[in-house]
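Read the structure below first, then the notes.
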Amino acid sequence: MESMQRWYEASQRRFSVRRYKDGPEEKQLEALAGMAELLRAHGVRIALGRSEEVFRPIFLWYGKISGTNSFAAIIAQKDAEPEMVGYVGEAFVLECTAMGLGTCWLGASYNKQTALSAVELSEGERIVCITPIGVPDEEYTARPRRSYEKLTGLTAEQFGELSVWQKRAIECARRAPSAMNSQPWRFHASEEGILVENTSKNFGYGRLDCGIAMLHLELGAAYCGIYGDWRKEKNGSLFVRA
Ligand SMILES: Cc1cc2nc3c(=O)[nH]c(=O)nc-3n(C[C@H](O)[C@H](O)[C@H](O)COP(=O)(O)O)c2cc1C
């Protein structure tokens with residue numbers, strides 16, 4: 001519960017940091033290693049790594065990361081649900097934010113071979129994404145998101161009539177990061193709860209992105225004292241109020 005409050009607050013400050021002043025302190029890395037252990041679930045785990053080379057650009061300068069050589073790999077077993085990769089990975093990302101550290105989900109712009117040689121994998125595991133970790137050398141930037149109307153299909157007036165917890169949950173989910181900022185989701189509020197509908201494959205990251213939005217949605221609800229469970233639906237995942 002305490003973590004949920006902490007991560008909710010962190011969700012308001014998180015943004016993708018690509019330029020760093022320095023890596024994390026040893027003490028911070030120890031704390032993050034402890035958190036990584038706690039977060040191991042649903043066939044997903046986080047491993048910390050260090051490498052000078054992992055952020056060397058592969059092509060052009062797209063998404064270049066500089067100033068840190070610390071990273072965390074988000075690792076999934078073969079049968080892990082992509083949503084859970086996003087969900088668990090984002091919890092770690094928000095913990096980094098809460099500690100004052102910057103992060104940036106990376107699916108493409110890093111050297112995969114180098115990451116593989118810096119982190120030990122068990123059989124059946126793969127690295128899905130990594131994130132640099134370090135002291136940000138950038139000011140907070142709120143990157144654009146779709147309007148509430150586009151995200152929910154509701155008019156501003158209808159959105160305003162939703163219950164407080166549903167508005168807070170959708171507001172927090174709207175801040176979720178996604179690959180290329182595609183926001184491959186729609187949120188459908190009903191008596192039963194809120195459905196996170198996956199609207200695009202987003203180059204293979206669509207369901208993972210939705211998992212990130214699911215954690216955010218849950219954090220927004222918990223901020224209002226509302227807890228619940230996730231139920232799998234044909235077109236997405238439904239948060240059902242307990
Ligand atoms: C699954 C995933 C993969 C991503 N891959 C990359 C990447 O390869 N390179 C990069 O620079 N940013 C990457 N991003 C960061 C997104 O571009 C960023 O989250 C999005 O533009 C929204 O910006 P914000 O995080 O600052 O809110 C990725 C994000 C996610 C969730």
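Every value quoted in this text rests on a predicted model; they were computed, and no experiment measured them. For ligands, and for the atoms within them, numbers begin at 1 and follow the listed sequence. In what follows, residues are counted from 1 in the order of the sequence shown.
Atoms of ligand 1 lying under 4.0 Å from at least one heavy atom of Phe15, given by number and element, are 26 (O). For ligand 1, the atoms sitting less than 4.0 Å from at least one non-hydrogen atom of Ala108 are 8 (O), numbered in the order shown with element in parentheses. Residue contact check: Arg14 has heavy atoms under 4.0 Å from atoms 24 (P), 25 (O), 27 (O) of ligand 1. Atoms of ligand 1 lying under 4.0 Å from any heavy atom of Ile212, numbered from 1 in the order shown and given with element: 31 (C). Contact atoms of ligand 1 toward Asp209: 1 (C), 31 (C) (distance under 4.0 Å to a heavy atom of the residue).
The shortest heavy-atom distance from Arg175 to ligand 1 is not under 4.0 Å.
Using cut-offs of 30° and 60° for the angle between ring planes, the His42 and Tyr87 rings count as perpendicular. Relative orientation of the Tyr140 and Phe15 rings is perpendicular, given thresholds of 30° and 60° on the angle between their planes.
Of the candidates Ile74, Val93, Asn181, the one placing a heavy atom closest to atom 22 (C) of ligand 1 is Asn181.
Between Ala179 and ligand 1, no pair of N/O atoms sits closer than 3.5 Å. Residue Thr141 has no nitrogen or oxygen atom sitting less than 3.5 Å from a nitrogen or oxygen atom of ligand 1, judged on distance alone. For ligand 1, none of its N or O atoms has an N or O atom of Tyr205 under 3.5 Å away.
Only the side chain of Arg145 comes within contact range of ligand 1, with a heavy atom under 4.0 Å; no backbone atom does.
Phe92 does not carry Arg14 over the face of its six-membered ring by the limits of under 6.0 Å from the centre and within 45° of the normal.
Within the 3.5 Å criterion, the main-chain N or O of Arg19 finds a donor-acceptor partner in the side chain of Glu138. A donor-acceptor contact shorter than 3.5 Å is absent between the side chain of Thr131 and the backbone of Ala72.
At a cut-off of 3.5 Å, with distance as the only test, no side-chain donor of Arg207 or Asn202 sits close to an acceptor on the other residue. At a cut-off of 3.5 Å, with distance as the only test, no side-chain donor of Trp7 or Glu90 sits close to an acceptor on the other residue.
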